[in-house]
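If you're wondering where the values come from, they're calculated on a predicted model, not measured in any experiment.
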Amino acid sequence: MLIPILSVGDMAEAVAFYTGVLDFRITFAWPEEKPIYVGLVRSGDEMHLTLAPQADRHGRGSAMVLCDDVDALFESFRARGLTIPVRPESPVHEAPLDQTWGTREVYIDDPSGNTLIFQQRR
């Protein structure tokens with residue numbers, strides 16, 4: 001098992017995004033009162049967040065999440081409040097796209113700038 005650890009600038013904001021929009025749930029938070037490290041799970045996937053409030057220490061990570069229906073998943077995220085960025089240089093951030101390597105993907109940035117790649121393989 002491989003568990004990605006993403007650095008975030010604001011733990012409360014990150015946890016709200018991952019649990020409220022992307023449908024992860026918290027498995028542990030340390031320390032509980034004001035966590036600096038949090039474990040999350042979603043449909044058997046596990047990921048951890050670590051607090052790194054310095055601007056040059058967070059928002060550079062990425063993780064790929066395999067899924068069966070990237071379009072339906074994307075729509076569920078939008079229904080939960082996902083804000084779609086306008087990024088002409090990266091249309092895969094705006095909606096799922098078929099990639100030349102045979103997958104369908106959408107990229108979603110968290111509030112700290114980390115990117116989750118939701119990928120449907122054909």
Distance-only criterion, 3.5 Å: show the donor-acceptor pairs between side-chain atoms of residues 24-41 and protein atoms not counting sequence neighbours.
from, atom 1, to, atom 2, distance (Å)
Thr27, OG1, Gly39, O, 3.2
Tyr37, OH, His48, ND1, 2.8

Legend entry - Closest non-hydrogen atom pair, Ala52 against Arg57: CB-O, 3.6 Å

Legend entry - Where Ser7 and Asn114 come nearest, the two heavy atoms and their spacing: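 Heavy atoms of Ser7 and Asn114 come nearest at O-ND2, 2.8 Å.
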
Inset, instruction - Report the residues that fulfil salt bridge (Lys or Arg N to Asp or Glu O under 4.0 Å) with Arg121, sequence neighbours left out, ordered by chain and then residue number. - result: none

Legend entry - Qualifying residues under salt bridge (Lys or Arg N to Asp or Glu O under 4.0 Å), relative to Glu13, sequence neighbours excluded: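 Salt bridge (Lys or Arg N to Asp or Glu O under 4.0 Å) check on Glu13 returns nothing, list empty.
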
Judged by atom type as modelled, is there a donor-acceptor pair below 3.5 Å linking the side chain of [X] to the main-chain atoms of [Y]?
X	Y	answer
Thr19	Val15	yes
Thr115	Ser62	no
Gln120	Val70	yes

Legend entry - Same apolar cluster: Tyr107 and Val21, side chain cutoff 4.5 Å: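 As far as the 4.5 Å side-chain criterion goes, Val21 and Tyr107 are not connected within one cluster.
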
Inset, instruction - Treating Ile, Leu, Val, Met, Phe, Trp and Tyr as nodes and any side-chain heavy-atom pair under 4.5 angstrom as an edge, say whether Ile108 and Ile117 lie in one connected cluster. - result: no

Inset, instruction - Among Glu46, Met47, Met64, find the residue that satisfies the side-chain contact (heavy atoms from CB on, under 4.5 Å) test when tested with Pro4. - result: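 Among Glu46, Met47, Met64, the one meeting side-chain contact (heavy atoms from CB on, under 4.5 Å) with Pro4 is Met47.
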
Inset, instruction - Output all residues satisfying ring-ring contact (aromatic ring centres under 6.0 Å, His included) with Phe17, sequence neighbours left out; order by chain, then residue number. - result: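 Checked Phe17 against ring-ring contact (aromatic ring centres under 6.0 Å, His included); zero matches.
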
Identify every side-chain donor-acceptor pair in residues 82-92 under 3.5 Å, counting partners at least two apart or on other chains, and give the distances.
from, atom 1, to, atom 2, distance (Å)
Arg87, NE, Glu89, OE2, 3.4
Arg87, NH1, His93, NE2, 3.1
Arg87, NH1, Asp109, OD2, 2.5
Ser90, OG, His93, ND1, 2.6

Inset, instruction - Start with the C-alpha gap between Met11 and Leu49, add the side-chain angles, then the distance that decides, and say whether side-chain contact (heavy atoms from CB on, under 4.5 Å) holds. - result: CA-CA 8 Å; Met11 186 62 77; Leu49 304 176; 4.0 Å; yes

Legend entry - Salt bridge present between Asp98 and Arg104 (N-O < 4.0 angstrom): yes

Legend entry - Of all pairs that satisfy ring-ring contact (aromatic ring centres under 6.0 Å, His included), the ones with a partner from residues 68-92, not counting sequence neighbours: Phe77-Phe118

Inset, instruction - List the steps and the verdict of side-chain contact (heavy atoms from CB on, under 4.5 Å) for Leu116 and Asp110. - result: CA-CA 8 Å; Leu116 290 186; Asp110 73 10; over 6 Å; no

